[in-house]
Every structure is written in structure tokens, then in C-alpha cells.
Amino acid sequence: MIDFEKFLKEKTGTKIHIETTSHRKTLVQVITGPGGEKTVKIHHHLVKGPPEILIAIADFIAGKEKKKNRRLIIEYVKKNQHLFLKQYKTRINYTGKFYNLKQIFDKINAQFFDRRLSSVNITFGKRYNGKRHRSIVFGNYCPEINLIRINRVLDSDSVPEFFVEYIVFHEMLHAYLYLSDFKTTCHTKTFKNMEKKYPYLEQAEQWKRQNLCLFIDPKREKHVQKIN
Ligand SMILES: [Zn+2]
């Protein structure tokens with residue numbers, strides 16, 4: 001690891017602390033602390049990648065050509081999936097205490113996607129420990145296993161149904177565009193234009209702005225930039 005830290009320092013000109021992980025979820029995650037210090041969480045197999053990938057990672061971390069470098073990293077991971085597959089052993093559990101994700105999914109699938117997403121699975125993520133974190137991801141779509149994961153923090157009576165529905169819709173839109181040959185889960189222009197057609201978008205965004213403190217501890221909030 002020392003070597004990669006050294007390499008990064010040479011490439012970026014700053015000292016960056018490296019933590020390796022074995023979660024597929026975290027490929028590269030750059031966390032900038034309050035004093036501007038950077039910590040990078042990175043998948044341990046990425047650090048062992050070929051030189052062109054190490055360069056792409058360093059450039060991504062330095063904020064150079066982020067789009068291009070993100071694509072290079074993701075392409076490398078896809079070509080070498082066997083190295084990154086471990087955490088895919090996942091259980092499907094869509095029944096929460098307050099919300100049933102499958103019901104929400106089926107309703108949105110019929111209403112907005114002409115039932116074309118029936119092959120996609122949905123589940124709540126792992127159990128919530130009740131702590132507020134410094135950042136939050138409400139949902140994600142993992143194309144490799146065609147699965148939408150919804151953060152269990154949303155299974156609460158303080159979260160209105162329209163907000164859960166919006167998050168599910170957002171992830172379904174990622175799935176829809178990925179599966180209709182766009183092969184990307186980024187927030188592209190097409191994605192944003194289609195999302196704008198969602199009738200509760202504004203209401204959901206407003207609710208999020210006003211209630212983010214339910215999920216994030218403002219004292220611990222940090223800027224997080226990640227590929228997942
Ligand atoms: Zn998204």
C-alpha cells in the first residue's frame with residue numbers, strides 16, 4: 001500500500017491516506033476532510049491493477065478528466081469481474097416494517113415503465129444501526145446483478161411514501177436506461193430529462209432538503225466523491 005500512496009503523491013502532489021477495502025460497493029471513494037485532507041478508500045484489487053488503471057485512479061482522485069477515468073476504471077472492473085464479485089452474495093428482502101418495496105416497484109413499473117422492468121430485483125440493504133452517518137446513499141442499482149438496493153433508513157414512519165417512491169423510481173430509471181443499451185448508470189442528460197417527467201420530483205427534492213438531518217449528522221458531514 002505504501003507504494004500506491006507514494007505513487008499517488010508523485011502523481012497528485014499531495015499526501016493522501018489510502019484505505020483498502022474488499023467491498024465491491026467501494027471501488028474508489030475520495031473523502032475530503034474539513035481541513036482539505038484526503039482519504040481514499042479503494043478496492044484492494046484495483047490497487048493491484050495495471051499501470052494505466054493506476055494512472056486513471058490517480059487522475060480521478062486529482063479530479064482530472066473524471067468522466068473518462070471513471071469509465072476506464074469501471075471497464076477494467078467489468079473485464080475482471082471475478083476479482084470483484086465477492087459481495088454479490090445477497091439476500092432479497094423487500095418487506096420492511098413500513099414499506100413493501102416490491103409493491104412500490106410493481107406500481108411504478110406499471111405506471112412509468114410499461115412493466116418493462118420485471119426482470120429487475122429490489123431489496124432493502126443491510127440492517128440500519130440507528131447511527132447518523134456523514135453521508136448517505138438512499139439507493140443504488142447494481143447492473144452486474146440487476147438489483148436495486150434501497151437504504152433501510154427509508155423504512156420509517158418519518159419518511160413519507162412519495163419520497164420512498166421517488167427513490168425507487170430514480171433507481172428504476174437507472175436500471176431502465178442501463179438495460180435499454182445505454183449501459184451506463186450515470187446521471188446523463190437523458191436520465192435527467194426523463195427524471196423531470198416524474199410528477200413528485202420537486203416535492204421529493206424539497207422533502208430531502210428539509211429532512212436530510214434525519215439521516216446525516218451535520219457535524220460529521222464531509223464532501224464525498226465516489227464511484228460505485
Ligand atoms: Zn442516481
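First listed ligand is number 1; within each ligand, the first listed atom is number 1.
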Is L147 close to I92 at the side-chain level, that is, under 4.5 Å between some pair of heavy atoms?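 Yes, their side chains come closer than 4.5 Å.
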Which of parallel (below 30°), tilted (30 to 60°) and perpendicular (above 60°) describes F163 and W207?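 It falls in the tilted class, 30° to 60°.
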With 2.8 Å as the limit, count the protein N, O or S atoms near the Zn ion (ligand 1).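 Protein heteroatoms (N, O, S) closer than 2.8 Å to the Zn ion (ligand 1) number 3.
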Just grab all the salt bridge (Lys or Arg N to Asp or Glu O under 4.0 Å) pairs involving residues 92-121, residues at least two apart or on different chains.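 Checked against salt bridge (Lys or Arg N to Asp or Glu O under 4.0 Å) - neighbours excluded - the pairs reaching residues 92-121 are K102-D106, K107-E165, D114-R116.
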Around atom [atom1] of [X], are there more than 12 heavy atoms of other residues, nucleotides or ligands at under 6.0 Å?
{"X": "Y94", "atom1": "OH", "answer": "no"}
{"X": "Y178", "atom1": "OH", "answer": "yes"}
{"X": "E75", "atom1": "CD", "answer": "yes"}

